There are 2 protein chains.
Amino acid sequence: MRILLVEDDAALGPELKTSLGKHGYAVDLAVNGVDGEVMGKEDIYDLVILDLGLPDRSGLEVLRNWRAGKNNIPVLVLTARSAWQERVDGFDAGADDYLPKPFHTEELLARMTALLRRANQQITSQLEASGLTLDENTQSVIRDGAEVALTGTEYRLLRYMMHNPGRVLSKLQLVEHMYDDCAENDSNVVEAYIKMLRKKIGHEMISTKRGQGYVFGAAG
Amino acid sequence: MRILLVEDDAALGPELKTSLGKHGYAVDLAVNGVDGEVMGKEDIYDLVILDLGLPDRSGLEVLRNWRAGKNNIPVLVLTARSAWQERVDGFDAGADDYLPKPFHTEELLARMTALLRRANQQITSQLEASGLTLDENTQSVIRDGAEVALTGTEYRLLRYMMHNPGRVLSKLQLVEHMYDDCAENDSNVVEAYIKMLRKKIGHEMISTKRGQGYVFGAAG
DNA sequence: CCCTGAGTTAAGGCTGTCTTAAACATAAGA
DNA sequence: TCTTATGTTTAAGACAGCCTTAACTCAGGG
């Protein structure tokens with residue numbers, strides 16, 4: 001899952017980036033509204049965390065511009081202002097959720113999970129597909145009742161695929177959602193990790209669409 | 001929009017029902033968890049507003065039961081408890097949003113709007129013609145309920161033909177839409193792929209117009 | 001009956017994918 | 001700090017499946 005974090009606070013921004021990174025998110029940080037708005041228009045993010053109190057351009061304005069451009073990426077708004085009118089403004093501008101500062105990281109993570117789940121029409125909080133259950137806490141999967149440990153990169157790849165079951169995902173898409181910033185694409189990391197995942201979760205869980213990409217989902 | 005409101009508070013329940021009614025929502029009120037759970041299983045509500053502090057059955061339990069039964073109706077949770085751990089529990093149980101009491105009606109309305117907006121964004125990218133359904137995600141066709149896998153070139157050919165059912169499509173047209181660059185025309189690629197498609201989707205789906213081209217569509 | 005266009009099939013070549021191993025990075029422990 | 005273990009990335013050869021072609025057969029129309 002690749003996240004865009006728009007936050008000008010020099011302390012909070014990097015701190016959040018680090019702690020979200022530990023939970024398996026690839027995070028790109030924008031420290032002002034103009035950069036953030038441009039980055040948010042790229043079609044590679046699964047979620048945006050947007051601070052309203054930006055120095056150059058109001059977060060609300062950024063959000064309105066996105067929505068005016070038919071960009072409907074899920075946006076979670078952060079703000080120090082706690083007046084309820086401000087929250088309503090945020091929703092009017094097209095926010096999907098709202099979290100007043102200060103907040104606990106656990107609550108931010110919970111709201112992020114809920115938003116991502118909702119964006120993919122998931123029902124339960126645990127991500128489940130084709131007999132696999134992804135455990136967000138231990139970064140592992142349950143398969144046939146047994147827990148299978150995953151490494152960080154394996155977890156990021158599998159989670160993205162399980163969020164999009166039955167869809168063809170190109171190698172470019174997968175790379176973009178596994179890593180932040182870096183843009184290179186002349187390697188075969190995806191193929192290598194697909195191989196490892198298949199070994200761990202069963203070869204039949206991921207099918208290859210030659211020339212198109214990979215599809216997560218049993219049978220086919 | 002029809003809303004299910006599960007709220008035991010004798011004052012707040014009717015009050016909310018009235019004010020939501022003024023905003024154009026049809027609201028059914030359940031005053032306890034058991035009734036609420038049963039009503040929520042009917043497939044008529046667009047959104048549920050669920051109070052956690054119910055006398056007979058915990059709202060969390062109601063929510064878990066719905067989710068266990070594959071009911072994925074959007075649920076907005078209300079609660080008097082403001083501890084952040086409680087919110088995280090709510091999300092884990094499958095809530096889509098969470099609003100601590102006390103709240104302003106405007107904020108509730110704003111969150112309802114955001115939830116409903118997101119719930120209605122179901123994307124169906126399926127093309128149907130003559131009993132075949134083309135699945136753009138998996139690049140396959142459903143025929144008589146069974147999925148038939150297509151290779152890349154087969155898919156491009158069939159997609160173009162299904163986009164133009166009942167029309168005579170010349171071989172030149174077909175080649176041009178199957179390939180990006182090519183200008184050559186001295187091969188029998190089209191005939192070869194028509195053959196493969198007929199084998200996969202049924203001979204009768206594509207009829208030949210001698211000297212003119214092919215027509216997609218059952219019967220003829 | 002001839003000619004033209006369509007159907008059928010199989011073989012070769014090519015491109016993308018799989019697999020393996022080794023180099024590299026990182027974190028934990030002595 | 002050095003060592004060790006674990007995870008990540010790169011590179012290269014093996015492999016498989018798809019694409020394309022070519023040769024032959026078949027059917028329709030004049």
Side-chain angles (χ1 to χ4, degrees), chain A residues 18 21-22 24 26 138-141 148-161 168-216 220, chain B residues 138-140 148-161 168-216 220:
Chain A
T18 305
K22 284 182 185 159
T138 63
Q139 305 207 347
S140 60
V141 272
V148 179
L150 299 175
T151 70
T153 312
E154 288 166 0
Y155 172 74
R156 293 197 300 274
L157 173 58
L158 182 58
R159 178 176 56 178
Y160 184 65
M161 298 195 80
V168 175
L169 302 170
S170 73
K171 278 183 276 196
L172 180 61
Q173 276 179 294
L174 293 171
V175 169
E176 283 176 345
H177 290 268
M178 287 165 70
Y179 302 94
D180 46 42
D181 290 324
C182 69
E184 50 188 316
N185 188 32
D186 54 345
S187 89
N188 62 343
V189 245
V190 173
E191 286 150 48
Y193 273 96
I194 289 282
K195 167 88 166 76
M196 292 172 180
L197 273 184
R198 280 175 168 159
K199 195 170 171 184
K200 287 191 174 178
I201 67 176
H203 193 278
E204 72 287 356
M205 300 302 288
I206 300 173
S207 52
T208 305
K209 294 285 172 183
R210 194 183 172 83
Q212 321 286 330
Y214 299 91
V215 183
F216 176 85
Chain B
T138 61
Q139 306 212 341
S140 60
V148 180
L150 300 175
T151 69
T153 312
E154 288 166 1
Y155 173 76
R156 291 196 299 275
L157 173 58
L158 181 57
R159 180 179 54 185
Y160 182 64
M161 298 195 79
V168 177
L169 302 169
S170 74
K171 278 185 277 195
L172 181 59
Q173 277 178 292
L174 294 172
V175 173
E176 281 172 348
H177 283 89
M178 286 165 71
Y179 302 96
D180 297 334
D181 46 356
C182 77
E184 52 188 313
N185 192 27
D186 55 345
S187 87
N188 63 342
V189 245
V190 174
E191 282 133 337
Y193 273 97
I194 290 282
K195 166 81 167 82
M196 291 177 169
L197 275 184
R198 280 176 168 158
K199 193 171 171 184
K200 285 191 175 178
I201 67 176
H203 194 278
E204 73 286 356
M205 299 302 287
I206 300 173
S207 51
T208 306
K209 294 289 173 187
R210 192 182 171 82
Q212 308 181 44
Y214 299 90
V215 181
F216 176 84

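Since we're looking at a predicted model, the values are computed, not measured.
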Value for CG (B:L174) from OH (B:Y193), rounded to nearest 0.5 Å, stands at 13.5 Å
With a 4.0 Å cut-off (strictly under) to non-hydrogen atoms of chain A, the first and last hit nts on DNA chain C, 5' to 3', are C:dT15 to C:dT20
Here the distance between atom C1' of D:dT20 and atom CE of B:M178, to the nearest Å, is 11 Å
Protein N or O to nucleotides 13-19 of chain D N or O, pairs below 3.5 Å:
unit_1, atom_1, unit_2, atom_2, d
D:dC19, OP1, B:T153, N, 3.0
D:dC19, OP1, B:T153, OG1, 2.4
D:dC19, OP2, B:T151, OG1, 2.8
D:dC19, OP2, B:Y193, OH, 3.0
D:dC19, O5', B:T153, OG1, 3.3
D:dC19, O5', B:Y193, OH, 3.1

Between A:H177 and A:A26, the two heavy atoms sitting closest are O-CB, 4.4 Å
Between the CG atom in A:L197 and the CG atom in A:L157, the distance rounded to the nearest 0.5 Å is 5.0 Å
Heavy atoms of A:Y160 and A:Q173 approach each other most closely as OH-NE2, 4.2 Å
Here the distance between atom C1' of D:dA27 and atom NZ of B:K209, to the nearest Å, is 16 Å
So CG of B:L172 and CD of B:E176: to nearest 0.5 Å the spacing works out to 4.0 Å
Side chain to side chain contact (heavy atoms under 4.5 Å, CB included) filter on B:S140, not counting sequence neighbours, yields B:D135, B:T138, B:E147
Residue pairs meeting salt bridge (charged side-chain N to carboxylate O under 4.0 Å, His left out), one or both in residues 206-215 of chain A, sequence neighbours left out, come to none
Original post:
Just by distance, with hydrogens left out, do A:T208 and A:R198 show a side-chain donor and acceptor under 3.5 Å apart?
Top reply: yes
Taking 4.0 Å as the cut-off, does a side-chain nitrogen or oxygen of B:S187 come that near to OP1 or OP2 on D:dT20?
no
d(B:K200 NZ, B:T151 OG1) to nearest 0.5 Å is 5.5 Å
Taken to the nearest whole Å, CD/A:E191 to P/D:dT10 is 12 Å
Students should find that the end-to-end axis angle of the helix from C:dC1-D:dG30 to C:dA30-D:dT1, with five pairs defining each axis and rounding to 10 degrees, is 20°
**Prompt:** Taking the side chain as C-beta and beyond, is there a heavy-atom pair between A:I206 and A:V215 under 4.5 Å?
**Reply:** no
Exercise. What does B:Y214 touch in the nucleic acid at a heavy-atom separation under 4.0 angstrom: a base, only the sugar-phosphate, or nothing?
Worked result: sugar-phosphate
The side chain to side chain donor-acceptor pair (under 3.5 Å) partners of A:E191 (sequence neighbours excluded) come to A:K171
B:K195 atom NZ is separated from D:dA27 atom P, nearest whole Å, by 14 Å
